[in-house]
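Here the structure comes first, spelled out in structure tokens, and everything after it is commentary.
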Amino acid sequence: MPGNSFGECFKITNWGESHGKAIGVVVDGCPSLLSLCEEDIQKELNRRAPGQSEVTTARKESDTVEILSGLFQGKTTGAPISLIIFNKDFKNEDYQDLATTFRPSHADFTYEKKYSIRDPFGGGRSSARLTAGHVAAGAIARKILAEKAGVEMVAYTKKIKDVVATVDVERLTREKVDTNVIRCPDQYAAEKMTALIKEAKEQGDSLGGIIECVVRNVPLGLGEPLFDKIEADLAKAMLSINATKGFEIGSGFAGTEQYGSEHNDPFVVRDGKIVTETNNSGGVQGGITNGMPIIFRVAFKPTSTIQKKQKTVTLEGKEIEVEAQGRHDPCVVPRAVPIVEAMAAVVLCDHYLRNKMLR
Ligand SMILES: Cc1cc2nc3c(=O)[nH]c(=O)nc-3n(C[C@H](O)[C@H](O)[C@H](O)COP(=O)(O)O)c2cc1C
């Protein structure tokens, strides 16, 4: 009910606040006998951590994870796995004004009106710091999928403002994505994107963009009718990430410009296997995976907290101007790449385990 948990068989429950003592996640439903250690989770968290480069927030958090439960002698026991990350670098003084003011397009106004109480420090519960829990849980989901089915997922920055990367998704690897701070394997586009973000940051402004994710070796048959279709659950997972404004799978919105004869994916036999010649479906038909790669995109808006004067109102309803303080991401996209991968892993692992129970 309160919206802090996600998943049916592989269920994650996220807790904590940006500037509280700690943040964390409880993962319930992880099968027993999976080898797991803190390093498996830490390497994923390091990709999301703040303070990585000049195009991200300057907040420095090591995001060191500790596993509190669910393991015995390095293997999962089938019990809930509780993960904790202590918060270290917080500057509450930067957020003092925000206790009585609403940042335009952030969650301050809606949280205040809904709950009549709000932790303003670092955005409290609405902060994207909480997505460290998504990434930690995603690391476990990713390991299950990789070991049991060979599934792999790679996301990258496809677009920042109006600069679009040209990328061959069939040859996309995580190593290529991580060659630059933007997480864009097209080096030429990455340089232009970096320059754009730096320029926006110098002006106290922010930018948005698009992340594309490809999932390979997806088992055929994941996804349930009618409401738990793979694309429906992926959309929910992606749109649950902070600052997202759009989701599309396969041809997405561009497919609306084609004829059916162009858009249909013809079936063919290759190496004794039924595959589709094209993949406008993005690997999902009728809500169920067809064995082709899943390809989807997520749109992120420009970061709402900016160092420019903007109109807002106070708690008492007085119109004023606000210019935010504090350390913020001038563009959330590079740090959101591992979050997109993690939530894709959570969705697919959940459906993988559901499928095992049903059939
Ligand atoms: C990785 C990541 C980092 C973010 N960093 C910031 C930030 O530094 N400042 C900010 O105002 N918003 C940041 N956001 C977005 C806010 O958390 C989000 O806009 C806010 O919670 C309001 O929710 P909404 O934009 O989804 O409506 C970030 C989002 C992500 C995914």
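The analysis underlying the following values was restricted to heavy atoms, covering all of them including side chains, and did not include hydrogens, waters or symmetry mates. Whatever order the structure lists them in is the order used to number ligands and atoms, beginning at 1.
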- Query: Is K309 paired with E323 through a side-chain N to carboxylate O contact shorter than 4.0 Å?
  - Reply: yes
- Query: Taking distance alone, with no angle check, do R335 and ligand 1 share an N/O pair under 3.5 Å?
  - Reply: no
- Task: Apply side chain to side chain contact (heavy atoms under 4.5 Å, CB included) to D186 and Y156, showing your working.
- Result: CA-CA 10 Å; D186 173 347; Y156 71 97; over 6 Å; no
- Heavy atom of T303 under 4.0 Å from ligand 1? yes
- How far is atom 9 (N) of ligand 1 from its nearest protein heavy atom, and which residue and atom is that? H328 ND1, 2.8 Å
- May I ask whether G123 has any heavy atom positioned less than 4.0 angstrom from an atom of ligand 1? no
- Item | Atoms of ligand 1, numbered as shown, that sit under 4.0 Å from any heavy atom of I339 | 1 (C)
- Just by modelled atom types, is the K273 backbone N or O under 3.5 Å from a matching donor or acceptor in the D271 side chain? no
- Message: Closer than 4.0 angstrom, basic N to acidic O: yes or no for E44 and R174?
- Response: yes
- What about N242: any of its N or O atoms under 3.5 Å from an N or O on ligand 1? yes
- For Q285 and S281, test the side chains for any donor-to-acceptor distance below 3.5 angstrom and give the result as yes or no. yes
- Do the non-hydrogen side-chain atoms of K311 and E319 ever get within less than 4.5 Å of each other? no
- Quick one: look up the protein heavy atom nearest atom 11 (O) of ligand 1 and list residue, atom name and how far away it is. T305 OG1, 2.4 Å
- Report yes if S127 has an N/O atom closer than 3.5 Å to an N/O atom of ligand 1; otherwise report no. no
- Is D63 salt-bridged to R47, cutoff N-O under 4.0 Å? no
- Do any nitrogen or oxygen atoms of S126 lie less than 3.5 angstrom from nitrogen or oxygen atoms of ligand 1? yes
- Message: Quick check on contacts: which atoms of ligand 1 are under 4.0 angstrom from a heavy atom of K301?
- Response: 19 (O), 24 (P), 25 (O), 27 (O)
- Query: Less than 4.0 Å between a side-chain N and a carboxylate O, is that true for R270 and E277?
  - Reply: yes
- Minimum-distance protein heavy atom relative to atom 8 (O) of ligand 1: D329 N, 2.8 Å
- Nearest option to atom 14 (N) of ligand 1, as decided by whichever heavy atom of V332, I241, V333, V340 sits closest: V332
- Task: Considering only non-hydrogen protein atoms, determine which one is nearest to atom 22 (C) of ligand 1 and report residue, atom name and distance to 0.1 Å.
- Result: A107 N, 3.9 Å
- Item | Donor-acceptor pair, side chain of N180 and main chain of C184, under 3.5 angstrom | yes
- Hey, looking at atom 26 (O) of ligand 1, which of A58, A243, A324, P334 has the closest heavy atom? A243
- Task: Assess whether side chain to side chain contact (heavy atoms under 4.5 Å, CB included) is satisfied between F102 and V322, documenting all intermediate values.
- Result: CA-CA 8 Å; F102 308 124; V322 66; over 6 Å; no
- Near H106 (heavy-atom distance under 4.0 Å), the atoms of ligand 1 are 10 (C), 11 (O), 12 (N), 16 (C), 20 (C), 21 (O)
- Message: Tell me the contacting part of T57 for ligand 1: side chain, backbone, both, or neither, using a 4.0 Å heavy-atom threshold, strictly below.
- Response: neither
- Message: Using a 3.5 Å cut-off on N or O atoms only, is K245 in polar contact with ligand 1?
- Response: no
- Item | Nearest neighbour in protein (non-hydrogen) for atom 29 (C) of ligand 1 | A128 CB, 3.3 Å
- Task: Please determine, by modelled atom types, if R125 and N14 share a side-chain donor-acceptor pair under 3.5 angstrom.
- Result: yes
